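Predicted model, so just to flag it, every value in this text is computed and none were measured. Heavy atoms only: backbone and side chains are in, while hydrogens, waters and symmetry mates are out.
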Number of protein chains: 2
Amino acid sequence: MDTSGSELSVLSAALKGAGIRMTHQRIEVFSELQASHGHPSVTEIYEGVRKRLPSISPDTVYRTLRLFSELGLIIPHSSTSSVTRFDVNVHEHHHFVCTRCSRIFDFTSSSIDPLEVPREAESFGEVQGVQLEVRGICRDCLRRERTQEE
Amino acid sequence: MDTSGSELSVLSAALKGAGIRMTHQRIEVFSELQASHGHPSVTEIYEGVRKRLPSISPDTVYRTLRLFSELGLIIPHSSTSSVTRFDVNVHEHHHFVCTRCSRIFDFTSSSIDPLEVPREAESFGEVQGVQLEVRGICRDCLRRERTQEE
DNA sequence: ATGCATGCAAATGCTTTGCAGCGTG
DNA sequence: CACGCTGCAAAGCATTTGCATGCAT
């Protein structure tokens, strides 16, 4: 089955909706993403697109992927911020990760704890821990964005 | 309640067990971690320790935090690897994250899906998505480590 | 005493940014 | 045809590493 056409319309709609231009580079990065398996890195996308668009530069790929993330077309895995943060709390707990400021908030939940490891996950290797990861926009960022839009 | 003594014994045991020396720097980084709230970054720990140990260098903090991660005393949030990876799969799914090679494996689970957002998480802000994050060591890394130990 | 750990400084690698020219709408 | 987008090159950061000295065991 060929879904490339319908997928492209997703891109078209997303860009048009935000008043952003549809360029060759963006189209190629988008289709490379669709064709990719797993969780591609910037370099992997870059190398893939380069086969069809040899003149594309890495920074355009960076910019494009960031744009797509902002549009919600893709999700950067965990913190966008470059600094590593450490979890000192060794007890079972879950995370609310802010997709804007990348701060992490801990919580526990009586309704889901104790959380058990699904069978499906065990097949990948030796499990060390499980937790829920809730992505969202924290109160502070919501407030800041609201203020800026006024 | 003063738990610093008992916490330090955790450090002592972990280091002794691995045949690693107990130094001032390691003790100070460890207690700074205990005293920290949330999810400290390397810089935050460094600044904190520097008040008591002005001569400590950033790279020692880096090395120490990496050591503590390997010993399981702390958990680096998300991938240790510096490259950003993107999730192209917009459908609900979960992640098995390898703590060695930082590769991410997707899975879905009939036993837990659909996954609902716990009440506790909603108080932090606007929720965009939820997923399970299983941390562990993938098959490839397990095999590699077994081979090297022979 | 021995050799691991630290501090210093330089290197590395990912990602971002300023700017001039190009192409989309 | 205006303005946003790209490519280039250089800068910016977080993190890592080589090496000589110092300190824990």
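Within residues 68-75 of chain B, no residue places a heavy atom under 4.0 Å from DNA chain D. Non-hydrogen atoms lying under 4.0 Å from DNA chain D are contributed by B:Val42, B:Asp59, all within residues 38-61 of chain B. Near DNA chain C, meaning a heavy atom under 4.0 Å away, the residues from residues 16-24 of chain A are A:Arg21, A:Met22, A:His24.
The ring pair (Phe, Tyr, Trp, His ring centres under 6.0 Å) search around A:His24 returns none, not counting sequence neighbours. In terms of the side-chain contact (heavy atoms from CB on, under 4.5 Å) criterion, A:Arg139 has no residue partners (sequence neighbours excluded). Qualifying side-chain hydrogen bond (donor to acceptor under 3.5 Å, both in side chains) partners for A:Arg103, counting only residues two or more places apart in sequence or in other chains: A:Asp140. Under the rule for a side-chain contact (heavy atoms from CB on, under 4.5 Å), the partners of B:Ser109 that lie at least two apart in sequence or sit in another chain are A:Pro118, A:Glu120, B:Phe107, B:Ser111, B:Ile112, B:Asp113. Shown here are the side-chain hydrogen bond (donor to acceptor under 3.5 Å, both in side chains) partners of B:Arg50, two or more places apart in sequence or in another chain: B:Glu47. Every residue meeting the side-chain contact (heavy atoms from CB on, under 4.5 Å) condition with B:Ala18, not counting sequence neighbours, appears here in chain and number order: B:Ile20, B:Leu71. B:Glu44 meets the side-chain contact (heavy atoms from CB on, under 4.5 Å) test with A:Arg85, B:Pro40, B:Ser41; sequence neighbours excluded.
A close approach under 4.0 Å does occur between a side-chain nitrogen or oxygen of A:Gln25 and OP1 or OP2 of D:dG7. Dashed line: the shortest gap from a side-chain N or O of B:Tyr62 to OP1 or OP2 of D:dT16 is not under 4.0 Å. Of the side-chain N and O atoms in B:Arg26, one or more sit less than 4.0 angstrom from OP1 or OP2 of C:dT6.
With hydrogens and angles disregarded, no donor-acceptor distance shorter than 3.5 Å links the side chain of B:Thr60 to the backbone of B:Ile56. At least one donor-acceptor pair under 3.5 Å links the side chain of A:Gln131 to the backbone N or O of A:His93. Looking at A:Glu126, its side chain never comes within 3.5 Å of a backbone N or O of B:Leu142 through a donor-acceptor pair.
Taking the six-membered ring where tryptophan is involved, the planes of B:Phe96 and A:Phe124 are tilted, since the angle between them lies from 30° to 60°.
Annotation: ring-ring contact (aromatic ring centres under 6.0 Å, His included) contacts involving residues 125-144 of chain B, sequence neighbours excluded, are absent.
Note that the two end axes of the helix from C:dA1-D:dT25 to C:dG25-D:dC1 enclose an angle of 50°, each drawn from 5 base pairs, rounded to 10 degrees.
The nearest whole Å value for the distance from the CG atom in A:Leu65 to the C1' atom in C:dT15 is 12 Å. For the pair A:Arg63 CZ and D:dA9 C1', the interatomic distance rounds to 12 Å; values are reported in whole Å. Here the P atom of nucleotide C:dA5 and the CD1 atom of B:Ile27 are 14 Å apart, to the nearest Å. Taking atom CG on B:Leu67 and atom P on C:dA5, their separation rounds to 8 Å, with Å as the unit. If you measure from atom CD of B:Glu28 to atom P of C:dG7, you get 12 Å, rounded to the nearest angstrom.
Between B:Arg26 and B:Leu67 there is a side-chain heavy-atom pair separated by less than 4.5 Å.
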